[in-house]
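Just so it is clear, the model here is predicted, and its values are computed rather than measured. Sequential numbering from 1 along the given sequence is applied to the chain's residues.
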Amino acid sequence: MDKYRIDSHKLMFHVPRVNAWLQGEQVYPLYAEISPTGACNHRCTFCALDYMEYQPRYLDADLLAERLKELGQLGLKSVMFAGEGEPFLHPQLAQMVGAAKTAGIDVALTSNGVLMDEERARWILPQLSWIKVSINAGRAATYSAIHRTKESDFAKVIENFRRAVKLRTENNWDCTIGFQMLLLPENRDEAADLAAIGREIGIDYLVIKPYSQHLHSQTEQYRDTDYSDIEDLQQQLAGYSNDRFKVLVRAGTMAKLKAENPAYPRCLALPFWSYIDAGGGVWGCSAHLGDERFLYGNINQQSFAQIWSGEARQKSLAWVADELDTSGCRVNCRMDEINRYLHELKHPGAHVNFI
């Protein structure tokens with residue numbers, strides 16, 4: 001069902017990089033998240049980065065193009081444009097996506113989808129490996145309440161992606177199109193509605209994922225959301241899957257929310273990814289944006305190689321290795337599965353030779 005390994009990880013496909021890390025070598029990231037802008041056209045009730053205050057700041061597209069060329073040469077394999085705001089609000093998003101592709105980097109985009117009209121779809125879809133749309137209800141009224149926007153945005157997103165699927169088919173573009181719903185008490189009864197819509201318009205998948213409280217979020221209304229009774233919903237949604245459309249309920253991720261202790265005492269994943277915020281700051285962890293112990297430098301002042309080899313990053317990594325207690329980290333952070341994998345490589349169990 002999960003052919004994209006959304007509920008798992010893909011680091012095992014990059015054995016040379018992992019092996020170099022195991023040998024103690026400095027490795028450059030395989031994957032980066034980039035926030036083109038801090039501005040956003042929605043104010044979702046669950047927004048993890050509400051504390052960043054939706055600052056209307058924008059990355060310099062020309063400078064980013066230089067850094068992306070460098071990153072491609074350093075071995076970056078993929079970049080996802082997402083971040084603190086809505087990527088389509090950056091007027092030069094197409095230029096940034098194109099720069100990444102020219103640098104030999106695979107590109108993805110996470111968006112609320114409202115602004116992806118036909119013109120934008122025509123220039124963005126041919127360059128993407130995938131696009132994932134955050135659409136957190138199956139009906140307009142609930143969507144409006146959760147996204148804190150006008151009800152008409154719901155129909156606009158659906159129409160945008162009905163057209164996107166049509167354009168993809170007509171032009172034989174190779175871009176996977178998916179919806180994502182954060183499962184909340186308000187929208188639980190509408191997951192099937194969204195699955196029906198997604199299947200009907202021809203997207204590739206719908207992901208149903210749990211809420212996880214961010215360390216610094218102002219909102220806490222979903223902190224205690226319970227996912228213990230997910231089986232009935234999972235069975236219901238399975239009926240919407242077919243050969244070309246899949247519904248993925250991240251039940252494994254939901255189950256991990258109950259874990260009393262982390263599966264690893266230290267974070268090991270930081271060398272394999274990075275986050276660039278809308279102001280150009282390079283961070284070790286997106287769950288700790290704003291905590292300068294995780295700030296490595298800024299692409300407006302230094303090359304990426306200088307930042308990655310710099311004193312601030314070395315100091316940060318040493319602190320993470322010696323002092324950071326992962327029991328205080330965000331549950332189900334983006335690097336959770338990779339951390340589990342790396343911890344097991346570092347601390348294999350018994351009988352590993354009996355393959």
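- When the side chains of ILVMFWY residues are joined at heavy-atom separations under 4.5 Å, either directly or via intervening members, Leu89 and Ile124 end up in a single hydrophobic cluster.
- Shown here is Glu119, whose CD atom has no more than 12 heavy atoms of other residues, nucleotides or ligands within 6.0 Å.
- Of all the heavy atoms in Leu128 and Val97, the pair that sits closest is CD2-CG1, 4.3 Å.
- Enclosure of atom NZ in Lys101 by more than 12 non-hydrogen atoms of other residues, nucleotides or ligands within 6.0 angstrom is indicated.
- Annotation for Lys10: atom NZ counts as buried by contact number, over 12 foreign heavy atoms lying within 6.0 Å.
- A donor-acceptor contact shorter than 3.5 Å links the side chain of Thr37 to the backbone of Ala39.
- Formation of a donor-acceptor pair under 3.5 Å by the Ser274 side chain with backbone atoms of Gly284 is not found in this model.
- Taking CD1 of Ile307 as the start and CG of Leu295 as the end, the distance is 9.0 Å to the nearest 0.5 Å.
- Below 30°, between 30° and 60°, or above 60°: for His42 and Tyr143 the angle between ring planes is above 60°, a perpendicular geometry.
- In this structure the side chain of Ile203 reaches within 4.5 angstrom of the side chain of Val165, judged on heavy atoms.
- Trp308 places a side-chain N or O within 3.5 Å of a backbone atom of Val27 that can act as its donor or acceptor partner.
- For the pair Leu11/Trp21, no side-chain contact is recorded, criterion being any heavy-atom separation below 4.5 Å from C-beta on.
- Put simply, the side chain of Gln306 gets close to the backbone of Ser303: a donor and an acceptor are under 3.5 Å apart.
- Residues Tyr54 and Trp283 fall into different hydrophobic clusters, defined by Ile, Leu, Val, Met, Phe, Trp and Tyr side chains chained together at heavy-atom separations under 4.5 Å.
- Here the shortest heavy-atom pairing between Ser35 and Gly85 reads OG-N, 4.1 Å.
- No side-chain donor-acceptor contact under 3.5 Å links Glu84 to the backbone of Gln55.
- Checking Gln95 against Asp62 by side-chain atom types alone, a donor-acceptor pair falls below 3.5 Å.
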Decide side chain to side chain contact (heavy atoms under 4.5 Å, CB included) for Ser228 and Lys258; before the verdict, give the C-alpha distance in whole Å, the side-chain angles of both, and the deciding distance to 0.1 Å.
-> CA-CA 9 Å; Ser228 59; Lys258 300 178 184 178; 3.4 Å; yes
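- Under 3.5 Å, the side chains of Ser111 and Glu86 contain a donor-acceptor pair of N or O atoms.
- In this structure a side-chain-to-backbone donor-acceptor pair under 3.5 Å is present from Asn298 to Gly279.
- Between Asp204 and the choices Lys246, Arg168, Lys132, the salt bridge (charged side-chain N to carboxylate O under 4.0 Å, His left out) rule is met once, by Arg168.
- Around the CG atom of Asp174, the shell of radius 6.0 Å holds no more than 12 heavy atoms that belong to other residues, nucleotides or ligands.
- Just one of Asn136, Asp50, Ile146, Leu182 meets the side-chain contact (heavy atoms from CB on, under 4.5 Å) condition when paired with Thr45; it is Ile146.
- Taking the six-membered ring wherever Trp is involved, the centroid distance between the rings of Tyr51 and His214 falls below 6.0 Å.
- The side-chain hydrogen bond (donor to acceptor under 3.5 Å, both in side chains) with Ser309 is formed by just one residue from the set Gln314, Gln302, Gln26; it is Gln26.
- A continuous path of Ile, Leu, Val, Met, Phe, Trp and Tyr side chains, each step under 4.5 Å between heavy atoms, connects Ile105 with Tyr31, placing both in one hydrophobic cluster.
- Although no hydrogens or angles enter the test, the distance criterion places a donor-acceptor pair under 3.5 Å between the side chain of Arg67 and the main chain of Ile299.
- The side-chain heavy atoms of Met254 and Leu183, taken from C-beta on, include a pair separated by under 4.5 Å.
- In the model, Glu186 has no side-chain atom that pairs as donor or acceptor with a side-chain atom of Thr142 under 3.5 Å.
- When atom types are taken as modelled, the side chain of Ser212 and the backbone of Val331 share a donor-acceptor pair closer than 3.5 angstrom.
- The minimum heavy-atom distance linking Ala61 with Met96 is given by the pair CB-CG, 3.9 Å.
- Here the side chains of Ile158 and Phe179 are in contact, with some heavy-atom distance below 4.5 Å.
- Hydrophobic clustering places Met181 together with Phe245 (ILVMFWY residues linked when any side-chain heavy atoms are closer than 4.5 Å, directly or through intermediates).
- The aromatic ring centroids of Trp130 and Tyr4 lie 6.0 Å or more from each other.
- Using cut-offs of 30° and 60° on the angle between ring planes, the pair Tyr275 and Trp273 is perpendicular.
- Under the 4.5 Å side-chain heavy-atom criterion for ILVMFWY residues, a single connected hydrophobic cluster contains both Leu233 and Tyr211.
- The nearest pair of heavy atoms linking Leu215 to Ala287 is CD1-O, 3.5 Å.
- Taking the six-membered ring where the residue is Trp, Trp123 and Phe88 present tilted rings, their angle falling between 30° and 60°.
- The main-chain N or O of Arg17 is never found under 3.5 Å from a side-chain atom of Glu25 such that the two would form a donor-acceptor pair.
- Nearest heavy atoms, Gly280 versus Leu59: N-CD2, 3.5 Å.
- Counting heavy atoms from C-beta outward, Arg250 and Val207 have side chains that approach closer than 4.5 Å.
- Residues Arg5 and Glu337 are not paired through a salt bridge, judged by the lack of any N-O separation under 4.0 Å between the basic side chain and the carboxylate.
- A 4.5 Å side-chain heavy-atom check between His9 and Asp336 finds every atom pair outside the cut-off.
- For the pair Ile208 and Ala191, the tightest heavy-atom approach, listed with the atom from each and the gap, is CD1-CB, 4.3 Å.
- Classified by interplanar angle (parallel below 30°, tilted 30° to 60°, perpendicular above 60°), the ring pair Phe304/Tyr28 is tilted.
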Identify all side-chain donor-acceptor contacts of residues 344-354 below 3.5 Å with residues at least two apart in sequence or on another chain.
| residue | atom | partner | partner atom | Å |
| --- | --- | --- | --- | --- |
| His347 | ND1 | His343 | O | 3.2 |
| His347 | ND1 | His343 | ND1 | 3.3 |

Test Arg266 against Val320 for side chain to side chain contact (heavy atoms under 4.5 Å, CB included), laying out the working first.
-> CA-CA 7 Å; Arg266 292 287 182 259; Val320 168; 6.0 Å; no
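- Side chain of Asn171 to backbone of Trp173: no donor-acceptor contact under 3.5 angstrom is found.
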Go through the steps to decide whether Phe272 and His14 satisfy the test ring pair (Phe, Tyr, Trp, His ring centres under 6.0 Å), and finish with yes or no.
-> CA-CA 10 Å; Phe272 297 97; His14 301 279; 9.2 Å; no
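- Looking at heavy atoms from C-beta onward, Ser134 lies in side-chain contact with Phe46 at the 4.5 angstrom threshold.
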Step by step, work out the salt bridge (Lys or Arg N to Asp or Glu O under 4.0 Å) result for Arg162 and Glu159.
-> CA-CA 5 Å; Arg162 186 189 303 277; Glu159 181 55 33; 3.8 Å; yes
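- A salt bridge does not link Glu118 to Lys166: none of the charged side-chain nitrogens sits closer than 4.0 Å to a carboxylate oxygen.
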Would you sort out whether Val114 and Thr149 count as a side chain to side chain contact (heavy atoms under 4.5 Å, CB included), showing the intermediate values?
-> CA-CA 11 Å; Val114 175; Thr149 187; over 6 Å; no
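- Listed by first and then second residue, the salt bridge (charged side-chain N to carboxylate O under 4.0 Å, His left out) pairs that reach into residues 311-331 come to none, sequence neighbours excluded.
- In the displayed structure, Glu170 atom CD is contacted under 6.0 Å by more than 12 heavy atoms of other residues, nucleotides or ligands.
- Asp7 and Thr253 form a side-chain donor-acceptor contact under 3.5 Å, judged by distance and modelled atom types alone.
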